[in-house]
Amino acid sequence: MRRVLVVAGMVGGMISGTAAYAGDAATSQKWQGFYGGFAIGGVYGTSSPDTTVSDGSYFDTANIDKLNSTFQEDIEGTALSGSGLLGYDVQDGNLVYGIEADLTGMNYSETENSGAIIYPSDSTISFGVSTKVESKFAFSIRPKIGYSFGDTMVHVAAGPTVSRFKYKFSFLDSTGASAAASFSDEKTAFGVSSTIGVSHQIGDGWSLRGDYVFTYYPDIVDGSHLLSAPAPRTDVFTHDADFQSHNIRIGLIKRF
């Protein structure tokens, strides 16, 4: 009987301790309040141009498909990134709700060059194409939700983002007349941004964070122009493109 009472007391103590821990976790506000910090990472970006040329007074119908498929080759590359982060969280038990502003700088500049490509209608003539996309920053505001495991929190977030893009296109062929076209555009584009990450507190209000950020801009360029040489021509180039990036970062955050 004495052993039963001892075991019952031990079990009761364990249950009481577990309940106390759960109560502490439910009332803890380790992730509550304002915070700021920075992160560094690597960006992989890709753009999918939807550039086309019409069948006008210069290009043969037999060449249009070859031209358009060349114009629409993906542009992709990598760049380093640096981000400044500012946000506010509210903790309710294990759940954490908040909003975060994210300003990311990057030196993304990639060019896709194609050529010399033979015209299907004439094997003696070739053409070349160059398309360039640049982006230097992205600013995002993302509402977020997280789950706390004490000193560790996982979170997901999504919201609008804005960036500035530069786009350059040039075309030249090897005919005696040297048919040519060029176009450049600079545009502020809006898109969506989402992230998933994990943070761990290391003391004195500081925490380490690792996250993955995906951004997508459906429309980074708009424009059209005529074949500029030899003039006059009625062949119309039309430009449209999207852009998406994948950014893996590690950061240091301070809570106030």
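FYI, the numbering just counts along the sequence from 1. Bear in mind the structure is a predicted one, so any value in this text is a computation, not a measurement.
Taking the six-membered ring for Trp, F183 and F237 have ring centres at least 6.0 Å apart. Taking the six-membered ring for Trp, Y58 and F171 have ring centres at least 6.0 Å apart. You'll find the ring centres of Y212 and F214 outside the 6.0 Å limit.
Across every non-hydrogen atom of N63 and P120, the tightest pair is OD1-CD, 3.1 Å. For the pair T51 and F71, the tightest heavy-atom approach, listed with the atom from each and the gap, is O-CB, 3.5 Å. Across S130 and N113, no two heavy atoms sit closer than the pair OG-OD1, 2.8 Å. Of all non-hydrogen atoms in S148 and V96, the two that sit nearest each other are CB-CG2, 4.3 Å. The shortest non-hydrogen separation linking P218 to G191 is CD-CA, 4.2 Å. Of all heavy-atom pairs spanning Y217 and A138, the tightest one is OH-CB, 3.6 Å.
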- Item | ring pair (Phe, Tyr, Trp, His ring centres under 6.0 Å) between Y108 and F243, intermediate numbers included | CA-CA 12 Å; Y108 183 88; F243 180 84; 5.2 Å; yes
- Message: Checking I64 against V53 for the side chain to side chain contact (heavy atoms under 4.5 Å, CB included) test, could you report, in this order, the C-alpha distance in whole Å, the side-chain angles of both residues, the deciding distance, and whether it holds?
- Response: CA-CA 7 Å; I64 293 297; V53 63; 4.2 Å; yes
- Message: Working note: E100 + T195, criterion side chain to side chain contact (heavy atoms under 4.5 Å, CB included); need CA distance, chi angles, decisive distance, verdict.
- Response: CA-CA 11 Å; E100 181 174 283; T195 179; 5.7 Å; no
- Dump the intermediate steps for side chain to side chain contact (heavy atoms under 4.5 Å, CB included) on I117 and S126, then the final yes or no. CA-CA 5 Å; I117 300 172; S126 63; 5.7 Å; no
- Between T52 and Q72, is a side chain to side chain contact (heavy atoms under 4.5 Å, CB included) present by the stated rule, with each step listed? CA-CA 8 Å; T52 61; Q72 295 169 13; 3.5 Å; yes
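Judged purely by atom type and a 3.5 angstrom limit, D102 has no side-chain atom pairing as donor or acceptor with the backbone of S140. For S228 (side chain) and A180 (main-chain N/O), a donor-acceptor pair under 3.5 Å exists by modelled atom type. S114 places no side-chain N or O within donor-acceptor distance of the main-chain N or O of V129, the cut-off being under 3.5 Å. Put simply, the side chain of R255 never gets that close to the backbone of Y35: no donor and acceptor are under 3.5 Å apart. Checked by atom type and distance alone, the side chain of Q91 pairs as donor or acceptor with a backbone atom of G93 at under 3.5 Å.
Note that OG of S207 is 12.0 Å distant from NZ of K30, once rounded to the nearest 0.5 Å. Taken to the nearest 0.5 Å, the CG atom of D211 stands 9.5 Å off from the NZ atom of K144. The line from OG of S81 to CD1 of I40 is 8.5 Å long, rounded to the nearest 0.5 Å. A distance of 11.5 Å separates CD1 of I145 from NE2 of H155, quoted to the nearest 0.5 Å. Rounded to the nearest 0.5 Å, atoms OH (Y167) and OG1 (T131) are 5.0 Å apart. Taking CD1 of I125 as the reference point, atom OG of S174 lies at 6.0 Å (rounded to 0.5 Å).
Note on V156: it does not cluster hydrophobically with V90, by side-chain heavy-atom contacts below 4.5 Å among ILVMFWY residues. Both V162 and I99 are members of a single hydrophobic cluster when ILVMFWY side chains are connected at heavy-atom separations under 4.5 Å. Hydrophobic cluster membership differs between V236 and F127, with clusters built from Ile, Leu, Val, Met, Phe, Trp and Tyr side chains linked at under 4.5 angstrom. A continuous path of ILVMFWY side-chain contacts below 4.5 Å connects L95 to I196, so both sit in one hydrophobic cluster. Each of I202 and V198 belongs to its own hydrophobic cluster when Ile, Leu, Val, Met, Phe, Trp and Tyr are linked at side-chain heavy-atom distances under 4.5 angstrom.
Applying the salt bridge (Lys or Arg N to Asp or Glu O under 4.0 Å) test to every pair with at least one member in residues 110-127, sequence neighbours left out, gives no pairs at all.
You'll find the side chain of K187 reaches within 4.5 Å of the side chain of D219, heavy atoms only. With contacts defined as side-chain heavy-atom distances shorter than 4.5 Å, the pair D74/S47 does not qualify. When side chains are defined from C-beta on, Y88 counts as touching Q32, because their heavy atoms get closer than 4.5 Å. Side chains of R249 and T104 form a contact here, defined as non-hydrogen atoms less than 4.5 Å apart. Looking only at side-chain heavy atoms (C-beta outward), W31 and S199 come within less than 4.5 Å of each other. Looking at heavy atoms from C-beta onward, P49 lies out of side-chain contact with H239 at the 4.5 angstrom threshold. For the pair F149/V154, a side-chain contact is recorded, criterion being any heavy-atom separation below 4.5 Å from C-beta on. The side-chain heavy atoms of F169 and V221, taken from C-beta on, include no pair separated by under 4.5 Å.
D173 and Y119 share a donor-acceptor pair across their side chains, judged by distance under 3.5 Å alone. With 3.5 Å as the limit, one finds a donor-acceptor pair spanning the side chains of S163 and S135.
Heavy-atom neighbours of F38 CZ from other residues, nucleotides or ligands within 6.0 Å: at or below the threshold of 12. For NZ of K136, the number of neighbouring non-hydrogen atoms (other residues, nucleotides, ligands) closer than 6.0 Å is greater than 12.
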